[in-house]
Amino acid sequence: MSIPVGHYQYDRVDRDFLQARIAEFEGQVNRRLDGTLSEDEFKPLRLMNGLYLQLHAYMLRVAIPYGILDSRQLRKLGEIARRYDRDYGHFTTRQNIQFNWIRLEDTPDILRELAEVDMHAIQTSGNCIRNVTADEYAGAAADELVDPRVHAEVLRQWSTLHPEFTFLPRKFKIAISGSPNDRVAARFHDIGILARPGEDGAPVFRIFVGGGLGRTPVIGEELFDSVREEHLLATLEAILRVYNAHGRRDNIYKARIKILVQAIGVEAYREAVEAELGQMELDRYRLTPEAVAAIRARFAVPLLEAPDDADAVLTQQRRDDPLFDRWVRSNTHVHRDPGHIIATISLKPAGGIPGDATSAQIGRLADLADAYSFGEIRITHLQNVVLGHVRKDRLRDLWLGLSEVGLAEANIGLIGDIVACPGLDYCALANARSIPIAQKLGARFADTALQAEIGALRINISGCINACGHHHAGHIGLLGVDKRGEEFFQLTVGGQAENGAAIGTILGAALPEDETVDAIARLVDCYLGRRENGETFLDTLTRLGHEPFREAAYETV
Amino acid sequence: MKRPVRLEPGQKLVLTANRLLDGRIVWWCEGGTWDLHIGRAALLDADEAEAVLARVVAEAQRDGVVGVYDTAVQAAVPPEPVTVREKIRAHGPTVHPEFAVETEQ
């Protein structure tokens, strides 16, 4: 088999390990079924293998390292959805996929099927380092300074089954980007890493710590500005050691690294990390150029050849077809190669469930990736799909192919591109349903011309304070709350996850579910009525302050 | 210690759990069986529920269920859970009507 474009090629060691791990888990499942293991004993074991017990059934979360997979892997996910689930999968804000209707006794077989295509569900749950996320345009974007995938793979290998970090105080999330435009929400991660070239051309890493959402939203603080490549692993090891030693284990709600950083201050945290580095055997953690090169060699490089007139062909097609032109405007990004373009495929059809895809759609996406993007697919932390290397003169053919399976929605970055957690329809922790309110909003703003007129406006919806829908980071955020058994939604405005990371401000008292969509429509009307030339929603909000928006939201309450 | 259950007039308690094999939601019935349909659940008064719950929890592994607890319902035919969460558990996800529990045998 040829080396896949975009992600690391497994070898025999990787595959033997997966088989051993599946056999171990199968034994644990059997002991649970025969009663040798109690549920309390089994729960941490199944969680380490990505298996939750949710509201209606078991849920299996499958890892997609740094969000990149190949067409055979995607096809396998579609087969699993069809054979073991209810014919669909749900792509998550951690660039993973979840299956909501899994049987415990099927799980070892599913894991074997995943292992056939070098996939697994390890460390997609539990108090360990979770799936490392990366820029969805990695290795493709024109604005990229350093391709973060190789270092994301380094981090994956370092963090997988790390014996010291398997029982951390709480889960731990790392994101990495190599672009000056933060597309990974680096400042909202336990560790956020922004790579750039150093003075000698070798990458250096700016590291943020202590960011996060959940019940205590915190913007991460810069710990180091320029960590050299050779010291990247040692530095992360030291950061984790300090957290592992001093993070709280007495209170689950105070256990994330952000609480520790806030408690002692980032300067004290930095001193603790430097003290740890001072007594570590640094050679043991040195990331050598040879080691990086060996990992880089496991990634295939796409052969980016395009006809000289590729750009002219696309320009003409856009002139000829306004619908296609609208999709190109919202759903593409500039590629580093002038003959290619990055296409983002929306999983947010008007009135649909954000992040869901049927097995037929998943299979079709795999076919289209083979035909148009070297068989490579990326899952975004905003629950969409990216084909990273599409020839410009073939983009319209791709768009037509997407249209056939309902995947040509022109709404990326617009109000219809809603991020929502599974909410109370599936999640055992939720207080309110996230999906129905997303569907209503999607239907209310279904007109893509209206969405384009409104411009950049991101809505994030969480069904509880755990904030899996990242509502704190939404330009408009919705938090579902339970009031005497009824669903209400608290509105926030002004959040953002990118370079100017900000936590949304609560507008006022939570609204009943059936008043929430109208209130958001009034917020949007307020913005449209008062914006000045070229202003986005956030620009107008910044200029006017919250009061006009608060008045609009609560106009009839 | 289990918190005392306060039921409104017209309410009873039912016992519910997830099935160990497939995680599906089940309801405890007269005779000690478990069923997917809340319509077949045994309705319990608050003063008897605690003892029944303790017995059922003790037999959970044998019965192939996990996470047994009690929840309030309106004592109608069929009984209807009081909270949104339990209504969704009883009838299935509201966003997939084709998965409604009522359509299953």
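Per chain, numbering begins at 1; letters A, B, ... match sequence-line order.
Here the straight-line distance linking atom CG of B:Leu21 with atom CZ of A:Arg32 works out to 10.0 Å at 0.5 Å rounding. A distance of 11.5 Å separates CG in A:Leu424 from NZ in B:Lys87, rounded to the nearest 0.5 Å. Atoms CZ and CG, on B:Arg85 and A:Asn431 in that order, are 9.5 Å from each other to the nearest 0.5 Å.
When heavy atoms are compared at a cutoff of 4.5 Å, A:Asp106 does not approach chain B at all. Interface remark: A:Ala432 contributes no atoms to any contact with chain B (heavy atom separation under 4.5 Å). For A:Gln439, the part lying near chain B is the side chain, with the backbone staying farther off; criterion is any non-hydrogen pair under 4.5 Å. Interface remark: B:Arg19 contributes backbone atoms only to the contact with chain A (heavy atom separation under 4.5 Å). For a residue to count as touching a neighbouring chain, one of its non-hydrogen atoms must lie under 4.5 Å from one of that chain's; by this rule A:Asp356 touches chain B with the side chain only. Heavy-atom distances place the side chain of A:Ile353, and not its backbone, under 4.5 Å from chain B. At a 4.5 Å heavy-atom cutoff, the contact between A:Glu105 and chain B is made by backbone and side-chain atoms alike.
Residues A:Tyr58 and B:Gly23 share a closest heavy-atom pair of CE1-N, 3.2 Å. Nearest heavy atoms, B:Thr94 versus A:Asp425: N-OD1, 2.6 Å. Contact between A:Arg86 and B:Arg24 at its shortest, heavy atoms only, is NH2-NH1, 3.4 Å.
Remark: A:Tyr253 OH is loosely packed, at most 12 non-hydrogen atoms of other residues, nucleotides or ligands lying under 6.0 Å away.
The greatest number of non-hydrogen atom pairs below 4.5 Å with chain B, out of A:Arg484, A:His56, A:Arg103, is found for A:His56. With chain A as partner, the option from B:Asn18, B:Val66, B:Val82, B:Val95 having the largest number of non-hydrogen pairs under 4.5 angstrom is B:Val95.
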Item checked: Stepwise side-chain contact (heavy atoms from CB on, under 4.5 Å) check, A:Tyr426 with B:His96 -> CA-CA 11 Å; A:Tyr426 291 102; B:His96 277 292; 2.8 Å; yes
Notebook entry, point to check: Is there a side-chain contact (heavy atoms from CB on, under 4.5 Å) between B:Ile88 and A:Leu55 once you walk through the steps?
Noted result: CA-CA 9 Å; B:Ile88 292 171; A:Leu55 209 59; 4.0 Å; yes
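Using the six-membered ring where Trp is involved, A:Tyr88 and B:Phe99 have ring planes that are parallel, under 30° apart on the 30 and 60° scheme.
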